[in-house]
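Notes to accompany the following structure.
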There are 2 protein chains.
Amino acid sequence: MLAQLAEVVGCCEPLAREPLSAQQSVELSRVFKAMGDPVRLRLLSLIASHVGGEACVCDLTDVFDLSGPTISHHLKVLREAGLVTGERRGTWVYYRVRPELLATVSAVLVPEPAEDSPASVPGGREALPVVEA
Amino acid sequence: MLAQLAEVVGCCEPLAREPLSAQQSVELSRVFKAMGDPVRLRLLSLIASHVGGEACVCDLTDVFDLSGPTISHHLKVLREAGLVTGERRGTWVYYRVRPELLATVSAVLVPEPAEDSPASVPGGREALPVVEA
DNA sequence: CGCCTGCTTCGACGTCGGTCGAAGCAGAGG
DNA sequence: CCTCTGCTTCGACCGACGTCGAAGCAGGCG
């Protein structure tokens with residue numbers, strides 16, 4: 001049911017080039033809303049900067065003065081926004097970021113595409129992140 | 001009272017380089033939260049892509065099926081986040097975007113700075129946008 | 001099998017935020 | 001001065017969201 005961000009946003013011009021359609025703005029705002037919370041933003045940076053590019057939930061929980069369910073909730077929001085992926089390996093669940101989505105969002109903000117970022121695979125527009133609920 | 005985004009965020013590394021501090025995440029999330037609404041995101045793109053780089057409120061109101069007070073409220077949120085500035089000229093109020101803030105936020109998202117964007121003035125780190133409530 | 005640990009889901013509660021109509025303020029123009 | 005238009009502020013309503021404890025699920029380990 002969730003529209004695929006790649007189809008709607010991946011092909012949209014930078015903000016200053018032409019106005020967003022109603023649908024594009026809805027899709028894009030989903031990602032920004034997920035990043036619009038201090039805890040989630042910090043979770044994102046903790047995962048992104050962790051060694052190996054992934055972090056266990058138990059590592060993340062210790063950083064905050066928040067309950068486990070709350071951290072789990074925030075991770076779910078990030079997951080549903082397509083910003084991270086979670087994978088269970090044995091007892092622990094490891095989270096990774098999707099650098100493609102960050103690169104896509106980043107490109108929308110600046111007038112100059114700056115497409116030399118390593119995360120943007122050449123001709124990989126259809127390989128952009130897909131939100132699978 | 002509002003901390004200046006330039007001091008807190010303007011000097012922070014990309015997300016994947018090192019984790020954000022609690023304060024940095026609070027400041028940054030303020031901007032993302034402002035962009036986390038479809039109407040505000042569309043307002044932002046309408047202003048940014050308008051001829052002359054500025055748009056009158058009356059032009060913006062016509063695009064949405066929303067009341068004037070609601071549009072005004074969203075513009076205030078964007079203003080307080082430092083994303084736009086409003087200037088009264090005679091009867092009308094014109095809004096402009098702050099491309100520096102967009103460039104700053106964009107740079108935080110991608111691991112490669114991509115600092116060749118025209119909005120990032122060389123050595124102008126202290127000239128970055130300041131939120132003045 | 002039974003327990004223990006790590007994580008998620010559920011249900012509830014309080015706050016925040018988007019929306020509106022009514023009212024207020026600022027200029028322009030009679 | 002009065003009025004009219006453009007925009008903002010105010011007050012209220014209601015749904016969305018962040019938070020928690022309790023309960024549920026999954027996998028390791030005696």
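The analysis underlying the following values was restricted to heavy atoms, covering all of them including side chains, and did not include hydrogens, waters or symmetry mates. Below, chains carry the letters A, B, ... as their sequence lines are ordered, and counting in each starts from 1.
Arg89(A) comes within 4.0 angstrom of no nucleic acid atom, judged by non-hydrogen atoms across all strands. Within 4.0 Å of Tyr95(A), counting heavy atoms only, lie sugar-phosphate atoms of the nucleic acid but no base atom.
One atom, CG of Leu75(A), and another, P of dC7(C), lie 10 Å apart when rounded to the nearest Å. As rounded to whole Å, 13 Å separates atom P of dG17(C) from atom NZ of Lys76(B). Between His73(A) atom NE2 and dG21(D) atom P there is a gap of 15 Å when expressed in whole angstrom units. One atom, NE2 of His74(A), and another, P of dT9(C), lie 15 Å apart when rounded to the nearest Å. Here dT8(C) presents its P atom at 12 Å from CG of Leu78(A), a figure rounded to the nearest Å. Straight-line distance from the CD1 atom of Ile71(B) to the P atom of dG6(D): 15 Å, rounded to whole Å. Between the OH atom of Tyr94(B) and the C1' atom of dG6(D) there is a distance of 11 Å, given to the nearest Å. In this structure, Trp92(A) places its CH2 atom 14 Å from P of dT8(C), rounding to the nearest Å.
Comparing dC17(D), dC20(C), dA28(C) by their nearest atom to the side chain of Lys33(A) picks out dC17(D). Checking dG17(C), dC20(D), dG21(C) against the side-chain heavy atoms of Pro69(B) singles out dG21(C) as nearest. Taking the side chain of Arg79(B) as heavy atoms from C-beta on, and the options dT19(C), dT8(D), dG18(C), the nearest nucleotide is dT8(D).
The structure places OG of Ser72(B) at 6.5 Å from CZ of Arg79(B), a figure rounded to the nearest 0.5 Å. Atom OG1 of Thr104(A) and atom CG of Leu109(A) lie 11.0 Å apart (nearest 0.5 Å).
Just one residue in the list Leu43(B), Val97(B), Leu102(B), Val77(B) forms a side chain to side chain contact (heavy atoms under 4.5 Å, CB included) with Leu83(B), and that residue is Leu102(B).
Between Ser67(A) and dC20(D), a side-chain N or O to OP1/OP2 separation shorter than 4.0 Å is present. Taking side-chain N and O atoms only, Thr70(B) has a distance below 4.0 Å to OP1 or OP2 of dC20(C). Taking only side-chain nitrogens and oxygens, Arg88(A) never comes nearer than 4.0 Å to OP1 or OP2 of dT8(C). Proximity of Ser72(B) to the phosphate of dT8(D): a side-chain N or O atom is located under 4.0 Å from OP1 or OP2.
Between Leu66(A) and Cys58(B), it is Cys58(B) whose nearest contact on DNA chain D lies nearer the 5' terminus.
Here the side chains of Asp37(B) and Ser29(A) are not in contact, with every heavy-atom distance at 4.5 Å or above.
Scanning both residues, Ser45(A) and Glu18(B), for their nearest heavy atoms gives CB-O, 4.5 Å.
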